[in-house]
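Below is one structure, written out as structure tokens; the observations come after it.
All residue numbers refer to positions in the sequence shown, counting from 1. Just so it is clear, the values below take in all heavy atoms, side chains as well, and ignore hydrogens, waters and symmetry mates. From a predicted model like this one, the values you see are computed outputs, not experimental measurements.
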Amino acid sequence: MIGRVALFAFDALSHMVRPPFYAREFLAALFQIGWLSLPVVGLTAIFTGGALALQIYAGGARFNAEAVVPQIVAIGMVRELGPVLVGLMIAARVTSSIAAEIATMKVTEQIDALVTLSTHPMKYLTVPRVLAGLIVVPALVGIGDVIGVFGGYAVAVNNLNFNAAAYLKNTVDFLEPLDIISSLVKGAVFGGIATTMGCFYGMNSGRGAMGVGGATKSSVQAAAILILAANFLLTGLFFSV
């Protein structure tokens with residue numbers, strides 16, 4: 001299975017640099033993956049940032065270290081929670097949708113119809129979605145990071161009596177360029193994983209309704225596991241001591 005997925009991903013990447021390119025499908029994928037995911041990404045990030053601020057404040061109070069809330073919220077959201085949560089939300093929302101859509105096309109023989117029309121299924125169905133994931137998910141991660149930090153800021157200022165200006169200064173001063181770069185790189189990798197898994201399991205689904213359901217379930221499971229594994233590897237790559 002790992003070999004099949006690797007070959008599928010390599011095939012998708014190789015088709016990205018060869019014509020033709022279906023711009024309409026690409027733009028539709030950008031809208032589906034990016035714009036329509038903004039509400040769930042924003043809500044997830046703001047509540048996570050607020051909860052993180054409360055937890056850090058409660059834990060820091062045991063050691064008289066409540067002042068570290070801005071720094072830890074910023075580094076926690078940007079380095080880890082922002083990319084991972086956005087990746088998992090994309091896996092839940094987008095991967096399942098892609099797998100179900102392509103699997104249904106396979107079951108109803110629409111993919112066979114594309115072949116008869118001399119349209120390569122990989123170029124028409126997979127490449128636009130994977131390319132859109134690689135481009136738009138880092139943007140979603142950046143937006144999620146900002147919203148998450150703002151969630152922590154709102155809770156700290158309104159509930160924990162932090163000074164607003166000092167909180168923002170500590171946040172900006174503590175973050176480094178590598179933190180932001182790592183977050184965006186993770187977003188690109190997670191976007192590629194989520195869309196690739198949706199396309200792979202959709203293309204290789206079984207027949208009938210059970211095949212579509214199984215492909216959808218397996219795609220989300222595989223995407224979530226690979227995103228968490230990739231997060232561990234990338235964190236070690238960027239921040240190994």
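Side-chain atoms of S14 come within 3.5 Å of backbone atoms of D11 as a donor-acceptor pair (strictly under, hydrogens ignored). Side-chain atoms of S96 come within 3.5 Å of backbone N or O of A92 as a donor-acceptor pair. Side chain of T195 to backbone of G133: no donor-acceptor contact under 3.5 angstrom is found. In this structure a side-chain-to-backbone donor-acceptor pair under 3.5 Å is present from K123 to H15. In terms of modelled atom types and a separation under 3.5 Å, the side chain of S219 and the main chain of T216 share a donor-acceptor contact. One N or O on the side chain of D179 and one on the backbone of E176 form a donor-acceptor pair closer than 3.5 Å.
Closest heavy-atom contact between S183 and D145: OG-OD2, 2.6 Å. The two residues I33 and A132 come nearest to each other via the heavy atoms CD1-CB, 4.0 Å.
Side-chain contact check for F162 versus Y153: every heavy-atom pair is 4.5 Å or farther apart. With a 4.5 Å cut-off on side-chain heavy atoms, F21 and P19 do not count as touching. Side-chain contact between V5 and M197 is present, with heavy atoms from C-beta onward closer than 4.5 Å. Side-chain contact between W35 and V136 is absent, with no heavy-atom pair separated by less than 4.5 Å. At least one side-chain heavy atom of F8 sits under 4.5 Å from a side-chain heavy atom of M122. In this structure, I102 and C199 have side chains that are in contact, with non-hydrogen atoms separated by less than 4.5 Å. Inter-residue side-chain proximity for Y201 and T95 is flagged as unmet; no heavy-atom pair is nearer than 4.5 Å. Residues L52 and M77 have side chains in contact (heavy-atom distance under 4.5 Å, counting atoms from C-beta outward).
No single ILVMFWY cluster, assembled from side-chain heavy atoms under 4.5 Å apart, contains both F174 and V157. Under a hydrophobic clustering in which Ile, Leu, Val, Met, Phe, Trp and Tyr are joined whenever their side-chain heavy atoms come within less than 4.5 Å, directly or via other members, L27 and M16 fall into the same cluster. One hydrophobic cluster, built from ILVMFWY side chains closer than 4.5 Å, cannot hold both L140 and V146; they sit in different ones. Under the 4.5 Å side-chain heavy-atom criterion for grouping Ile, Leu, Val, Met, Phe, Trp and Tyr, L85 is connected to F190 within one hydrophobic cluster. The hydrophobic cluster containing V68 does not contain I75, counting ILVMFWY residues as joined when their side-chain heavy atoms lie under 4.5 angstrom apart, directly or transitively.
Separating the CG atom in N170 from the CD atom in Q71 is a distance of 4.5 Å, to the nearest 0.5 Å. The CZ atom of F200 lies 14.5 Å from the CD1 atom of I98; values are rounded to the nearest 0.5 Å. Considering OG1 of T116 and CD of E109, their distance stands at 10.5 Å, rounded to 0.5 Å. Here the straight-line distance linking atom NE2 of H120 with atom CG of L125 works out to 10.5 Å at 0.5 Å rounding. We find the CD1-OG distance between I90 and S37 to be 3.5 Å, quoted to the nearest 0.5 Å. For the atom pair OG1 (T126) and CE (M203), the distance works out to 3.5 Å, reported to the nearest 0.5 Å.
A donor atom on one side chain and an acceptor atom on the other are not found under 3.5 Å apart for T235 and R79.
A salt bridge links R129 with E101: at least one charged nitrogen is closer than 4.0 Å to a carboxylate oxygen.
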